[in-house]
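Questions regarding the structure given below will be posed in turn.
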Amino acid sequence: MKISEIRNSLQSLISGDVLWDKEILKFYSVDASLYQIIPKVVVIPKTEKDVISVVKFANKNKISVTVRGSGTGLVGSALNEGIIIELKKFDAIKIQKNYVEVGMGVTKGSLDKALKIKRKFFPPNPSIGPYCSIGGIIGNNASGSRTLKYGSTIDNVKEITFVDGKGQKITLPNDQKIGRKIIKFAKQINIDQFPKVSKNSCGYRLDCINSVTDTHKILVGSEGTLGIILSAKLSLRNIPAKKILFVIEYLSIFQAADNCIKIKNSKPSALEFVDRSTLENIDFKFRKNTNCLLFVEYDSNLKYNEKNFRKLTTGRIVKKIKIEKEIEKWWKYRDLALSYSLKSIKKEDQNPHIIEDASVPLDKLGKLFSIINKINKEFQTKTIMYGHAGNGNIHVRIISSRQKIKTLEKISESYFDQVIKLGGTITGEHGDGIARSEFVKKQYGNKNYQIFKELKEIFDPKKILNPGKITSHNKRFKRLENF
Ligand SMILES: Cc1cc2nc3c(=O)[nH]c(=O)nc-3n(C[C@H](O)[C@H](O)[C@H](O)COP(=O)(O)OP(=O)(O)OC[C@H]3O[C@@H](n4cnc5c(N)ncnc54)[C@H](O)[C@@H]3O)c2cc1C
């Protein structure tokens with residue numbers, strides 16, 4: 001079908017907008033990764049009927065449909081060639097007692113604002129802050145600093161309504177017929193080849209499906225490859241009355257990694273790590289030989305935790321903060337770690353995110369740091385590190401001359417082999433996207449990978465939903481022509 005026919009047909013089919021101006025297509029061709037794919041057309045549906053019509057049209061004509069949230073993803077998950085669909089008009093927020101029903105175009109910022117009035121919050125808090133959409137949060141199984149206590153997105157969603165690749169509207173876990181099919185797959189997996197971690201955004205999370213009440217979780221982290229989510233019911237928590245934040249400096253990353261185990265046992269609400277490059281951007285005089293910081297927050301048992309914290313830490317406490325505004329200021333420093341790192345790396349030394357998001361069992365965190373150090377030595381690279389240490393989830397930015405794509409390939413292979421050996425996942429929260437889909441098979445092994453493919457077939461037999469992601473062997477570097 002000619003591009004002009006696709007555009008005109010879509011325009012006659014739906015009440016929403018169908019766009020193809022050069023500048024619009026360019027805008028939707030990129031996200032927060034270094035990849036670029038120009039789509040054929042962008043659709044902004046107004047109604048659920050519009051979404052169903054677009055998918056049915058795409059299914060009939062074998063054109064890809066990729067749903068996009070706010071485009072803040074770091075690995076190109078929302079980029080593709082065919083139709084890009086953005087649900088920004090699906091922005092309803094209905095707050096109930098212990099859950100909220102939201103449209104997928106709602107941004108995290110507007111949800112937080114609406115919930116704050118009721119003294120409630122939805123726990124997953126990606127560092128990007130208010131900008132990302134709930135669609136993208138569910139699509140990636142996103143998480144953040146408070147995941148340590150409250151879990152990732154997958155632990156905080158109660159119900160999902162979506163349109164599958166055939167244009168059928170489905171609500172899970174209500175639809176038991178579809179639910180039983182998902183459970184059949186969940187029972188077949190080889191669980192030994194699933195990572196032993198507290199957060200994981202790789203592949204399809206069949207390991208989280210234990211009964212019919214869990215079946216909606218298959219959509220979480222599926223990156224728009226199984227269905228286009230229209231709305232969801234999200235779990236809510238009460239905003240804690242008070243918090244306390246400790247900032248601790250350490251002489252080495254290994255000392256900090258070792259201390260994380262003891263600190264985690266005290267049940268903090270957050271346990272985060274930044275290396276030297278971030279602390280150099282913080283408006284505070286640390287000791288000269290400070291190598292890294294841990295941010296440790298408690299939101300319950302404050303008196304007890306305040307009294308006992310000194311006994312837990314092997315580092316030097318440089319800040320104990322109880323005032324909310326001051327706590328927020330220090331969390332901003334942590335949340336800006338990615339921006340600080342980008343600022344400090346020359347453009348020609350920046351590299352695509354590939355190994356930026358592994359997560360390992362917490363007792364293996366020191367080993368993960370050793371692996372990164374060895375990689376730096378072997379490949380003559382440098383790295384900047386920060387992340388959700390309590391979940392063993394460390395973000396790594398490689399600094400190396402951009403021309404060495406072969407080197408990046410070797411680094412990824414070597415790093416992922418070692419992460420998997422430690423019982424880790426190649427992605428704790430950012431997802432597979434263009435960058436990592438070819439490694440999903442390495443992560444889960446042949447049998448589980450085949451099950452993922454069969455599962456995809458059930459929801460999207462013509463493979464029109466975000467093709468090239470999760471069950472794909474596409475080489476990621478093909479997409480870096482401008483790199
Ligand atoms: C500075 C910075 C910091 C970040 N920090 C974090 C962090 O701390 N934790 C974290 O988890 N991530 C983080 N991210 C990554 C990213 O911002 C989050 O994962 C975010 O949730 C993505 O949301 P989005 O709306 O931008 O999604 P997009 O990038 O637009 O899409 C992400 C995926 O979700 C799918 N999707 C979108 N809408 C739907 C829908 N309606 N139905 C089905 N699938 C859908 C897309 O197809 C795509 O596969 C960070 C990114 C940046 C740039």
Open item on the list: Quick check: Tyr304 with Phe309 (ring centres under 6.0 Å apart)?
Closed with: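 When the ring centroids of Phe309 and Tyr304 are compared, they turn out to be at least 6.0 Å apart.
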- [ ] Indicate yes or no: does Asp432 engage Lys469 in a salt bridge with an N to O separation below 4.0 Å.
- [x]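 Here Asp432 does not pair with Lys469 in a salt bridge, since their nearest N and O are not under 4.0 Å apart.
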- [ ] Any chance you could measure Asp357, atom CG, to His388, atom NE2, to the nearest 0.5 Å?
- [x] 7.5 Å
Task: Pair Asp155-Tyr150, side-chain donor/acceptor within less than 3.5 Å - done: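 No, no side-chain donor-acceptor contact under 3.5 Å.
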TODO: Can you establish whether the number of heavy atoms outside Ile323 located under 6.0 Å from its atom CD1 is more than 12?
DONE: no
Task: Within the 6.0 Å centroid threshold, strictly below: Phe273 and Tyr386 - done: no
Open item on the list: So that I can tick it off, tell me whether Lys332 and Glu328 are bridged by a salt bridge, with the cut-off set at under 4.0 angstrom between side-chain N and carboxylate O.
Closed with: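 Between Lys332 and Glu328 there is no salt bridge, as every charged N stays at least 4.0 Å from the carboxylate O atoms.
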Task: Residues, nucleotides or ligands: over 12 heavy atoms within 6.0 Å of Lys456 NZ - done: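 Atom NZ in Lys456 is crowded, with more than 12 foreign heavy atoms closer than 6.0 Å.
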Task: Side-chain H-bond candidate by donor/acceptor type, Tyr250 with Thr314, under 3.5 Å - done: no
Task: Backbone N/O of Asn446 and side chain of Gln193: donor-acceptor pair under 3.5 Å - done: no
Task: Phe246/Trp330 under ring-ring contact (aromatic ring centres under 6.0 Å, His included): CA gap, chis, key distance, verdict - done: CA-CA 10 Å; Phe246 294 95; Trp330 278 78; over 10 Å; no
TODO: Kindly determine whether Ser252 and Asn291 satisfy side-chain hydrogen bond (donor to acceptor under 3.5 Å, both in side chains), including the steps that lead there.
DONE: CA-CA 5 Å; Ser252 90; Asn291 207 281; over 6 Å; no
Task: Backbone of Gly315 reached by a side-chain donor or acceptor of Thr313 within 3.5 Å - done: yes
Task: Polar contact flag, side-chain donor to acceptor under 3.5 angstrom, Asn200-Thr425 - done: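 There is such a pair (donor and acceptor under 3.5 Å, judged by atom type) between the side chains of Asn200 and Thr425.
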- [ ] Answer yes if the side chains of Ser110 and Thr107 hold a donor-acceptor pair under 3.5 Å, and no otherwise.
- [x] yes
- [ ] For the pair Phe254 and Phe369, name the ring-plane relationship: parallel under 30°, tilted 30 to 60°, perpendicular over 60°.
- [x] perpendicular
Task: Ring centres under 6.0 angstrom apart (Phe452, Tyr204) - done: yes
TODO: To the nearest 0.5 angstrom, please state how far the CD atom of Glu223 sits from the CD1 atom of Ile138.
DONE: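 Those atoms lie 13.5 Å apart.
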TODO: Could you give me the CA-CA distance, side-chain angles and deciding distance for Asn391 and Ser198, then say whether side-chain hydrogen bond (donor to acceptor under 3.5 Å, both in side chains) is met?
DONE: CA-CA 6 Å; Asn391 292 105; Ser198 52; 2.8 Å; yes
Open item on the list: What I want to check is whether the side chains of Asn125 and Ser145 have a donor and an acceptor closer together than 3.5 Å.
Closed with: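 Yes - a donor-acceptor pair under 3.5 Å links their side chains.
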Task: Side-chain H-bond candidate by donor/acceptor type, Glu429 with Ser201, under 3.5 Å - done: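 Distance-only check fails for Glu429 and Ser201.
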- [ ] Examine the side chains of Thr471 and Lys453 and answer whether a donor and an acceptor come within less than 3.5 Å of each other.
- [x] no
Task: Separation between CD1 of Ile470 and OH of Tyr449, rounded to the nearest 0.5 Å - done: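 Answer rounded to 0.5 Å: 10.0 Å.
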TODO: Answer yes when Lys463 and Asp460 have at least one side-chain N-carboxylate O distance shorter than 4.0 Å, and no when they do not.
DONE: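 No, Lys463 and Asp460 are not salt-bridged.
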Open item on the list: For Glu356, is there any backbone N or O sitting under 3.5 Å from a side-chain donor or acceptor partner on Tyr415?
Closed with: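 No, Tyr415 side chain to Glu356 backbone: no donor-acceptor pair under 3.5 Å.
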Task: CA sep, side-chain torsions, deciding dist, call: Glu280, Tyr340, side-chain hydrogen bond (donor to acceptor under 3.5 Å, both in side chains) - done: CA-CA 9 Å; Glu280 278 163 6; Tyr340 294 146; over 6 Å; no
TODO: Could you tell me the separation between the CG atom of Asn305 and the NZ atom of Lys243, rounded to the nearest 0.5 Å?
DONE: 14.5 Å
TODO: Consider only side-chain N and O atoms of His353 and Arg436, and report whether a donor and an acceptor are under 3.5 Å apart.
DONE: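 No - no donor-acceptor pair under 3.5 Å links their side chains.
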TODO: Could you tell me which non-hydrogen atom of Tyr298 sits nearest to which non-hydrogen atom of Ser266, and how far apart they are?
DONE: OH-OG, 2.7 Å
- [ ] Start with the C-alpha distance between Asn140 and His430, add both sets of side-chain angles, then the distance that settles side-chain contact (heavy atoms from CB on, under 4.5 Å), and finish with yes or no.
- [x] CA-CA 6 Å; Asn140 279 351; His430 298 162; 5.7 Å; no
Open item on the list: Does the structure place the NZ or CZ of Arg68 under 6.0 Å from the centre of the six-membered ring of Phe27, at an angle of no more than 45° from the ring's axis?
Closed with: yes
TODO: Return the minimal non-hydrogen interatomic distance between Ser412 and Phe439, and the atom names on each side.
DONE: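 Smallest heavy-atom distance, with atoms named: CB-CZ, 3.9 Å.
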Task: Asn281 side-chain N/O to Ser277 backbone N/O, donor-acceptor pair under 3.5 Å - done: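 Between the backbone of Ser277 and the side chain of Asn281 there is a qualifying donor-acceptor contact (under 3.5 Å).
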Open item on the list: Check this for me, if you would: do Lys40 and Glu81 make a salt bridge, where the nitrogen-to-carboxylate-oxygen distance has to be below 4.0 angstrom?
Closed with: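 Salt bridge: no.
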Task: Backbone N/O of Leu251 and side chain of Gln255: donor-acceptor pair under 3.5 Å - done: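 Such a contact is found between Gln255 side chain and Leu251 backbone.
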Open item on the list: Using every non-hydrogen atom in the two residues, find where Ala232 and Ile160 come nearest and quote the distance to one decimal.
Closed with: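 Looking at all heavy atoms of both residues, the closest pair is CB-CG1, 4.1 Å.
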Open item on the list: To check you understand the geometry: which heavy-atom pair defines the closest contact between Ser359 and Val197, and what is its length?
Closed with: O-CG1, 3.4 Å
Task: Distance-only donor-acceptor check, side chains Asn393 and Lys199, under 3.5 Å - done: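 There is such a pair between these side chains.
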Open item on the list: Is the shortest side-chain heavy-atom distance between Ile384 and Asp275 below 4.5 Å?
Closed with: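 Contact flag for Ile384/Asp275 side chains = yes.
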Task: From Ile191 atom CD1 to Lys196 atom NZ, the distance as rounded to the nearest 0.5 Å - done: 6.5 Å
Open item on the list: In the structure I gave you, are the side-chain heavy atoms of Asn466 and Val67 within less than 4.5 Å of one another anywhere?
Closed with: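 In short, these two side chains do not touch, never coming nearer than 4.5 Å.
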- [ ] Supply the atom-to-atom distance Ile398 CD1 to Leu408 CG, rounded to the nearest 0.5 angstrom.
- [x] 5.5 Å
Open item on the list: Any salt bridge linking Lys410 with Glu378? Criterion: basic side-chain nitrogen under 4.0 Å from a carboxylate oxygen.
Closed with: no
TODO: May I have the step-by-step check of side-chain contact (heavy atoms from CB on, under 4.5 Å) for Leu74 and Asp31, ending in yes or no?
DONE: CA-CA 7 Å; Leu74 291 161; Asp31 58 3; over 6 Å; no
Task: Gln443 versus Cys202, closest heavy-atom pair with distance - done: CG-SG, 3.8 Å
Task: Residues Lys108 and Asp112 bridged, charged N to O under 4.0 Å - done: yes
Open item on the list: Within the 3.5 Å criterion, strictly below it, is a donor on Lys311 or Asn308 matched to an acceptor on the partner's side chain?
Closed with: yes
Open item on the list: Does either side chain, that of Trp331 or that of Glu272, offer a donor lying less than 3.5 Å from an acceptor on the other one?
Closed with: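 Not at all, the side chains of Trp331 and Glu272 share no donor-acceptor pair under 3.5 Å.
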Open item on the list: Any carboxylate oxygen within less than 4.0 angstrom of a Lys/Arg side-chain nitrogen, looking at Glu324 and Lys242?
Closed with: no
Task: side-chain hydrogen bond (donor to acceptor under 3.5 Å, both in side chains): pairs with one or both residues in residues 362-374, sequence neighbours excluded - done: none
Open item on the list: Using side-chain heavy atoms (C-beta onward) and a distance below 4.5 Å, is Val296 in contact with Ile248?
Closed with: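 The answer is yes; the side chains approach within 4.5 Å.
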Open item on the list: Before you tell me yes or no, could you show the steps for Tyr35 and Ser29 under side-chain hydrogen bond (donor to acceptor under 3.5 Å, both in side chains), namely the whole-Å CA-CA distance, both residues' side-chain angles and the distance that decides it to 0.1 Å?
Closed with: CA-CA 8 Å; Tyr35 302 96; Ser29 72; over 6 Å; no
Open item on the list: I need the minimum non-hydrogen distance between Thr66 and Ser77, along with the two atoms involved.
Closed with: CG2-O, 4.3 Å
Task: Over 12 non-hydrogen atoms of neighbours within 6.0 angstrom of CZ in Phe121 - done: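 Yes, because the 6.0 Å sphere around CZ of Phe121 holds more than 12 heavy atoms from other groups.
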Open item on the list: Tell me if a side-chain donor or acceptor on Asn80 pairs with a main-chain N or O of Gly82 at a distance below 3.5 Å.
Closed with: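 No; judged by distance alone, with no hydrogens or angles, the pair does not exist.
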Open item on the list: Within the supplied structure, the quantity of interest is the number of heavy atoms (other residues, nucleotides, ligands) at a distance under 6.0 Å from Arg287 CZ; does it exceed 12?
Closed with: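 Check passes, neighbour count above 12.
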